[in-house]
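Only heavy atoms go into these numbers, but all of them, side chains included; no hydrogens, no water, no symmetry mates. This one's a predicted model, so the numbers in the text were calculated from it and none came from an experiment.
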Amino acid sequence: MSDDNSEGSDRNVDLGSTRGFGSNLEESNLSGSDSDSDPDDEPNQGLFDDLLSGEPIFENKEVLRPSYTPHELPHRSDQINKMATILVAALRGETPSNILIYGKTGTGKTASAKFVSKELESTSKKYSVPCEVEYINCEVTDTQYRVLAQLANKFIEENERVIETQIDSLEALLDDLDEYDDTITSDESDPDSETTASDVPGDDSFVDDGVAETTEPNFDANSSTDLESGESEPVNRVDLSTGDTVDLTSSESDSPVETGGSDTVVDDDRSSAGSETEGDTDRSHDDDYEHPLADTPFSSAADVEDRIASLEADRESFEEVPMTGWPTDRVYSVFFDAVDYSERVVVIMLDEIDKLVEKSGDDTLYNLSRMNSELQNSRVSIIGISNDLKFTDFLDPRVKSSLGEEEIVFPPYDANQLRDILQHRSEVAFKGDALSPDVIPLCAAFAAQEHGDARRALDLLRTAGELAERAQAETIVEEHVRQAQDKIELDRVVEVVRTLPTQSKLVLFAIILLEKNGVHSINTGEVFNIYKRLCEEIDADVLTQRRVTDLISELDMLGIVNAVVVSKGRYGRTKEISLSVPIEETEAVLLSDSRLSDIDDVQPFVQARFDN
């Protein structure tokens with residue numbers, strides 16, 4: 001029995017075997033780990049197997065997402081070139097004109113602006129010109145405080161990186177300076193770097209009479225020597241017993257010196273050569289070791305250390321701006337100082353700039369557009385991107401004049417242009433023959449109906465591919481595109497309606513209730529009457545009828561309703577409103593809001609409105 005156990009313990013078996021089952025079970029219980037044969041794990045083993053069994057259709061799905069910035073933007077070369085001709089001033093150290101970019105959703109505004117920004121930054125690095133582009137989405141960062149805080153923190157981070165790099169360079173310079181000083185000291189103390197009497201063949205460092213010979217010149221004014229004339233250089237001898245120096249070139253030492261019965265003759269020519277060698281060594285030393293501070297603005301190590309201390313003090317003075325809590329003027333002051341810390345040209349790109357103006361007015365744009373008059377080191381330019389061509393009508397005239405120096409309009413794409421865009425992206429996004437011939441034209445046709453929205457076309461193509469992949473189809477066909485169209489429409493409605501403000505939801509709810517009760521060609525007054533009753537039901541503030549009319553216009557711009565201004569002759573003009581989205585799904589999304597879900601039964605209110 002023991003032999004079997006010992007034989008089994010020496011046998012190598014893989015993890016799937018039953019080796020040591022009893023002992024392993026005990027060990028697994030002690031360690032808390034699960035056994036490989038746990039039956040509870042078996043149902044989960046094949047959860048994704050079926051989904052992974054099919055061949056993937058996508059090669060790179062990210063190419064079809066709106067966040068992707070392609071290397072080439074078809075049918076937008078004119079707009080891109082115009083932006084480039086304006087922003088090229090930044091590469092000359094000048095302040096570029098402010099730019100306002102207009103166009104409907106999906107016309108390539110943001111993609112083109114980001115493309116030009118990347119080219120600008122890469123070119124600035126190529127020519128060592130300080131130029132930076134900062135992008136802010138004002139649909140997310142929609143208040144003056146948040147915009148200034150986000151910009152301030154970005155520039156503080158950039159300044160800290162620059163300071164860190166400068167400190168590293170200065171510390172490396174100090175290290176080079178220390179190494180240089182060590183090298184000089186080592187050369188001066190190295191006995192091999194000087195020519196002594198011991199270097200002359202046939203001579204001894206110490207002669208028998210206790211006098212050492214040196215080849216150092218005698219700097220006595222009465223004993224000058226012309227080395228070029230061939231005359232011998234004065235050679236000194238030091239009496240080691242007395243410390244006195246004996247001049248070998250004097251008249252008293254013309255004959256060989258007798259030292260204990262032996263003659264020691266010093267060859268003057270060789271001594272002179274020794275001095276020349278020493279001079280050559282000094283000159284080559286100067287050539288080989290250039291001082292580390294030679295090409296710098298510093299004159300000493302103390303200057304370098306002072307500069308490091310100054311940079312560290314600057315770094316310590318930076319204070320990150322919290323997203324709430326500071327007075328706006330303090331935030332602006334920190335942002336101003338952070339931008340002006342070093343010499344550079346800054347381009348601030350404000351996407352969805354109309355959202356910022358709508359929520360917090362034009363104070364932010366006023367401050368940004370006027371700050372160049374106060375900056376000393378840097379220059380700031382603004383690129384505003386908007387879907388609303390009329391948002392500047394609400395700006396202060398001073399802001400409008402300074403902000404809208406250059407305007408670029410992006411027209412909608414037509415079906416042929418959308419087809420080119422999809423074809424260009426699909427070559428990178430999909431594998432082989434994953435697309436049937438009618439897929440791209442159908443996606444382009446659907447998107448062309450939506451005001452030439454390239455983003456919608458890309459979403460359609462990507463969603464069609466995802467549906468085909470889930471169905472484990474090898475090819476994307478027309479049916480997948482139509483399914484994607486329905487899915488995107490519903491998803492868009494759900495997302496847009498879900499994120500609406502409460503007041504907009506109440507206005508939309510009023511329109512839905514009127515349509516459900518058979519009212520067609522709804523006018524603004526009818527919507528306002530139901531809206532007031534809904535506000536009373538949930539205890540919400542009641543806006544004016546003019547403001548409700550503005551909210552209806554916003555819903556129209558989002559594509560949720562269709563509002564057309566019609567003339568009633570002598571009765572004036574009014575808006576006729578109709579829903580552009582499925583009623584049932586939209587109502588379900590509205591009722592999922594916690595405040596609107598408090599409305600128990602609105603039918604009596606609608607009936608009361610008709611009775612009146």
Side-chain angles (χ1 to χ4, degrees), residues 60-91 96-127 129-142 146-147 150-151 153-155 157-158 344-356 365 368 380-388 403 405-413 417-418 420-422 424-425 428-429 447 452-459 462:
N60 184 2
K61 189 188 297 187
E62 298 304 313
V63 174
L64 299 177
R65 297 193 182 277
S67 58
Y68 176 78
T69 302
H71 300 293
E72 182 182 351
L73 288 161
H75 307 291
R76 284 295 177 253
S77 57
D78 291 343
Q79 289 79 7
I80 288 174
N81 289 335
K82 187 172 182 180
M83 272 190 279
T85 56
I86 297 170
L87 294 176
V88 71
L91 300 176
S97 299
N98 297 324
I99 305 174
L100 278 181
I101 300 174
Y102 299 101
K104 289 185 175 294
T105 302
T107 53
K109 305 183 301 297
T110 302
S112 298
K114 286 185 175 181
F115 174 81
V116 174
S117 299
K118 283 185 178 180
E119 290 293 315
L120 179 65
E121 288 188 319
S122 62
T123 307
S124 69
K125 293 177 181 177
K126 177 180 177 182
Y127 292 102
V129 178
C131 182
E132 301 174 26
V133 180
E134 297 295 343
Y135 173 85
I136 292 182
N137 187 345
C138 297
E139 193 167 14
V140 179
T141 310
D142 57 357
R146 292 180 181 178
V147 168
Q150 185 172 329
L151 287 172
N153 290 335
K154 283 184 177 181
F155 285 111
E157 291 176 5
E158 179 63 26
R344 56 190 161 194
V345 178
V346 176
V347 179
I348 300 175
M349 190 187 308
L350 299 174
D351 201 357
E352 306 286 355
I353 190 173
D354 50 298
K355 304 292 185 184
L356 176 63
L365 301 181
L368 293 178
V380 173
S381 177
I382 302 173
I383 298 178
I385 305 173
S386 173
N387 298 329
D388 185 1
L403 184 64
E405 294 174 332
E406 298 282 352
E407 295 185 355
I408 302 176
V409 178
F410 280 67
Y413 294 107
Q417 291 173 335
L418 289 173
D420 292 342
I421 293 171
L422 293 179
H424 185 263
R425 299 278 188 106
V428 183
D453 190 343
R455 189 175 302 171
R456 179 64 176 271
L458 292 170
D459 286 344
R462 189 192 74 252

Counting distance only, does the side-chain N/O of [X] pair as donor-acceptor with the main-chain N or O of [Y] below 3.5 Å?
| X | Y | answer |
| --- | --- | --- |
| Lys109 | Ile385 | no |
| Arg146 | Thr141 | no |
| Asn98 | Glu405 | no |

Heavy-atom distance under 4.5 Å between the side chains of [X] and [Y], does that happen here?
| X | Y | answer |
| --- | --- | --- |
| Leu458 | Arg65 | no |
| Ser386 | Leu100 | no |
| Lys104 | Asp453 | no |
| Ile99 | Leu87 | yes |
| Arg344 | Glu158 | yes |
| Tyr127 | Leu91 | no |
| Leu120 | Cys131 | yes |
| Tyr135 | Val133 | no |

Could you tell me which residues satisfy side-chain contact (heavy atoms from CB on, under 4.5 Å) with Pro411, sequence neighbours excluded, listed by chain and number?
Arg76, Gln79
Output all residues satisfying side-chain contact (heavy atoms from CB on, under 4.5 Å) with Asn153, sequence neighbours left out; order by chain, then residue number.
Ile156, Glu320, Val321
Candidates Lys82, Met83, Glu121 - the one meeting side-chain contact (heavy atoms from CB on, under 4.5 Å) with Val116
Met83
Given the rule in the salt bridge (charged side-chain N to carboxylate O under 4.0 Å, His left out) test, do Asp459 and Arg456 qualify, once you have shown the distances and angles that lead to the verdict?
CA-CA 5 Å; Asp459 286 344; Arg456 179 64 176 271; over 6 Å; no
Evaluate salt bridge (charged side-chain N to carboxylate O under 4.0 Å, His left out) for Glu157 paired with Lys154, printing each intermediate quantity in order.
CA-CA 5 Å; Glu157 291 176 5; Lys154 283 184 177 181; over 6 Å; no
Could you give me the CA-CA distance, side-chain angles and deciding distance for Glu139 and Asp351, then say whether side-chain contact (heavy atoms from CB on, under 4.5 Å) is met?
CA-CA 8 Å; Glu139 193 167 14; Asp351 201 357; over 6 Å; no
